[in-house]
Amino acid sequence: MPNISRRAFGLMVGAGASTLAMPYYARAQGKPRAVVIGGGAGGATAARYMAKDAGEDLDVTLIEANPQYTTCFFSNLYLGGYRDFNSITHGYDRLAGNYGITVVNGMAAAVDRDAKEVVMADGSKVPFDRLIVAPGIDLIYDSVEGYSEAAAEVMPHAWKAGPQTQLLKAKLDAVENGQQIIMVAPPNPYRCPPGPYERVSMMAHFLKQKGFNDTKIIIIDPKPKFSKQALFTEGWDKHYPGMIEWYGPDVHGGITSVNADTGAVETDFDTFTGDLVNVIPAQKAGMIAASTGLTNDSGFCPIDPASMRSSADDNIFVIGDASIAGDMPKSGFSANSQAKVAAMAVRGDLTGSKVFPAKYSNTCWSLIETNDGVKVGAQYAPSDEKIASTSSFISQTGEDAALRQATYEESVGWYNGITADIFGS
């Protein structure tokens, strides 16, 4: 079968997937077919906007392996005790019921680009005229020596939300006063640049609420700097004095290995041992993107900045964390913004509707302590080379409490709004 990695297909066949008694596309005969792989912030948004705006002129199918989606954004607030797990978990019922989207709960194993079919893990096939690929990220476990999928059950990454998030929360709940937490932060590029540092803030908040002021959190970072560093450092000094220590490569010399049995993190200059170790390894585009031939040597997918169309195939679009989106960070907001551009381009291709010039936006909010919210964001437009920032903003150190509270409340409103925009209200 052309354009399919046999090894990737073999690995995926046999993985759990729901089967349907009739072909997925039976009702689609005669209509152009738009298919989306991945039901996260990008994929679900794209499916909804295509179905909503094209109406009866387009058949839309959304393929997602999981029956529910847990957002990575706001998962740190679950760790901190501000949210419950149900509040960050969403289903697809409204997409199917209100917008006529065919939601296929199964695993996409491969894409046959020549035949224009998605091959499911159960062997069935979903034909498409245009395909949007939104698989998120896969973790490169062996980017940290000693780390693996098995080790992640002891040293959770929780960088794919769901069971790993619950595991990290359970381990955080079990930490005792005076014990030590270690985070191994990821190298660039990775999902949600401020995410690891908000996570540490939420861990510290949770421990402080329990009166565990003698517990230490050490961040061992392969990067010499990180997003919103001045804002986080200011907040840690203010709210969690003596609890959080950040070590860049000039301090530790380089991360050499981890040991899940002992809780040890080896660096060039020292060995750190934690009672809870959170390892966030390097990342790449989800496997379906690589097996389809959409990635380059970076492990991510180059795209046309004006449309999110894959550089490898005019019939395929790549959105969200899997894409190389220029100046845009890998975030839920970015994926949602890119999805609308891709959905408009697909409608233009398949129905002849007007395609307007692409505009993109992103904001990343972070909570440091109760009512102490900060943000960074930008507006973007396509250039000849990439999606480029046209204007930007960031919270400032020394802001007053009322502004920081308003920033946090803004983030809550955004979460409610964007999840309605993704999954339907």
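Each residue takes its place number in the sequence, starting with 1. Keep in mind the model is a prediction, meaning the values are calculated, not measured.
Around CD of E145, the count of heavy atoms belonging to other residues, nucleotides or ligands within 6.0 Å does not exceed 12. Within 6.0 Å of the CG atom in N296, the count of heavy atoms belonging to other residues, nucleotides or ligands exceeds 12.
Taking the side chain as every heavy atom from C-beta outward, I418 and F73 approach each other to under 4.5 Å. Counting heavy atoms from C-beta on, the side chains of P196 and I280 come closer than 4.5 Å. For the pair R404 and V374, the minimum side-chain heavy-atom distance is below 4.5 Å. Counting heavy atoms from C-beta on, the side chains of Q68 and H90 never come closer than 4.5 Å. Put simply, the side chain of Y92 reaches to within 4.5 Å of the side chain of E64, judged on heavy atoms. The shortest side-chain heavy-atom distance between H239 and D372 falls under the 4.5 Å cut-off. Taking the side chain as every heavy atom from C-beta outward, Y380 and K359 never approach each other to under 4.5 Å. Residues T363 and W414 fail the side-chain proximity criterion, which asks for heavy atoms closer than 4.5 Å.
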Any chance you could lay out the salt bridge (charged side-chain N to carboxylate O under 4.0 Å, His left out) test for R33 and D59, step after step, and finish with the verdict? CA-CA 5 Å; R33 299 159 300 194; D59 185 83; over 6 Å; no
Walk me through it: do M308 and V133 pass the test side-chain contact (heavy atoms from CB on, under 4.5 Å)? CA-CA 10 Å; M308 304 302 298; V133 179; over 6 Å; no
Assess the residue pair H205 and T370 against the criterion (side-chain contact (heavy atoms from CB on, under 4.5 Å)); give the C-alpha distance rounded to whole Å, side-chain angles, the decisive distance to 0.1 Å, and a yes or no. CA-CA 8 Å; H205 164 79; T370 301; 3.5 Å; yes
One pair to check against side-chain contact (heavy atoms from CB on, under 4.5 Å): I182 and L276. What are the steps and the verdict? CA-CA 6 Å; I182 298 175; L276 167 56; over 6 Å; no
Report the C-alpha separation of R48 and D421 in whole Å, then their side-chain angles, then the decisive distance to 0.1 Å, and conclude whether the salt bridge (charged side-chain N to carboxylate O under 4.0 Å, His left out) test is met. CA-CA 8 Å; R48 178 173 175 264; D421 195 46; 3.3 Å; yes
Between D400 and Q405, does a side-chain contact (heavy atoms from CB on, under 4.5 Å) hold up when you go through it step by step? CA-CA 9 Å; D400 64 40; Q405 180 174 346; over 6 Å; no
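The minimum heavy-atom distance between A109 and M120, with the atom names listed, is CB-C, 4.0 Å. Between I368 and M202, the closest heavy-atom pair is O-CE, 3.8 Å. G320 and A335 get closest at one heavy-atom pair: CA-CB, 3.7 Å. Between L58 and M50, the shortest heavy-atom distance links the atoms CD2-CB, 4.0 Å. Heavy-atom minimum distance, A185 versus I219: CB-CG2, 4.3 Å. What you find for I288 and P135 is that their closest heavy atoms are CG2-CB, 3.6 Å.
Counting only N and O atoms by type, the side chains of K228 and S366 include a donor and acceptor under 3.5 Å apart. Residues Q164 and W159 have side chains that never bring a donor and an acceptor to within less than 3.5 angstrom of each other. Using modelled atom types, one finds a donor on one side chain and an acceptor on the other under 3.5 Å when comparing S201 with W236. Side-chain contact check for D221 and Y197: at least one donor-acceptor pair (N or O, by modelled atom type) lies under 3.5 Å. Between the side chains of N86 and T89, not a single donor N or O lies within less than 3.5 Å of an accepting N or O. Between the side chains of Y147 and H157, no donor N or O sits under 3.5 Å from an acceptor N or O.
Proximity of a side-chain donor or acceptor of T292 to a complementary backbone N or O of A289 within less than 3.5 Å is not detected. A donor-acceptor pair under 3.5 Å is absent between the side-chain atoms of T61 and the main chain of V35, judged by distance alone. S143 contributes a side-chain N or O that, together with a main-chain N or O of A282, makes up a donor-acceptor pair within less than 3.5 Å. The closest donor-acceptor contact from the side chain of K160 to the backbone of I137 lies under 3.5 Å. Remark: side-chain polar atoms of T419 are paired, donor with acceptor, to backbone N or O of N416 under 3.5 angstrom. Put simply, the side chain of T256 gets close to the backbone of E266: a donor and an acceptor are under 3.5 Å apart. The main-chain N or O of Y69 is never found under 3.5 Å from a side-chain atom of N66 such that the two would form a donor-acceptor pair. Judged by distance alone, the side chain of S337 and the main-chain N or O of F333 form no donor-acceptor pair under 3.5 Å. A donor-acceptor pair under 3.5 Å is formed between the side chain of N278 and the backbone N or O of P156. With hydrogens and angles ignored, the 3.5 Å screen pairs no side-chain donor or acceptor of S334 with any backbone N or O of K330.
The salt bridge (charged side-chain N to carboxylate O under 4.0 Å, His left out) pairs that include a residue from residues 77-90 number zero, where partners must be two or more places apart or lie in different chains. Every pair passing salt bridge (charged side-chain N to carboxylate O under 4.0 Å, His left out) that includes a residue from residues 189-207 is listed here, sequence neighbours excluded: R191-D321.
Judged as a ring pair (Phe, Tyr, Trp, His ring centres under 6.0 Å), and not counting sequence neighbours, the contacts of Y247 are F272. With sequence neighbours left out, E409 forms a salt bridge (charged side-chain N to carboxylate O under 4.0 Å, His left out) with no residue at all. Residues passing the salt bridge (charged side-chain N to carboxylate O under 4.0 Å, His left out) test with K169, sequence neighbours excluded: D173. Annotation: ring pair (Phe, Tyr, Trp, His ring centres under 6.0 Å) contacts of Y408 (sequence neighbours excluded): none.
Relative to the ring axis of F356, K354 places its NZ or CZ within 45° and under 6.0 Å from the centre. With F226 as the aromatic partner, K223 does not meet the cation-pi criteria of under 6.0 angstrom to the ring centre and within 45 degrees of the ring axis. For the pair K340 and Y360, the NZ or CZ position fails the cation-pi test of under 6.0 Å to the six-membered ring centre and within 45 degrees of the ring normal.
Note that CD1 of I88 and OG1 of T165 are 6.0 Å apart. Values are rounded to the nearest 0.5 Å. Distance check, rounded to the nearest 0.5 Å: OG1 of T45 to CD1 of I319 gives 7.5 Å. From L350, atom CG reaches atom CZ of R130 across 5.0 Å, with rounding to the nearest 0.5 Å. Atom OG of S311 and atom CG of D304 lie 7.0 Å apart (nearest 0.5 Å). The distance from atom CZ of F128 to atom CD1 of I63, rounded to the nearest 0.5 Å, is 9.5 Å.
By the 4.0 Å N-to-carboxylate-O rule, D275 lies too far from K171 to be salt-bridged with it. A salt bridge between D313 and R113 is present, with a side-chain N of the basic residue lying under 4.0 Å from a carboxylate O of the acidic one. Under 4.0 Å is where a charged nitrogen must lie from a carboxylate oxygen, and between K31 and D57 no such pair does.
A side-chain contact (heavy atoms from CB on, under 4.5 Å) with P194 is found for one member of S227, P329, S331 and no other, namely S227.
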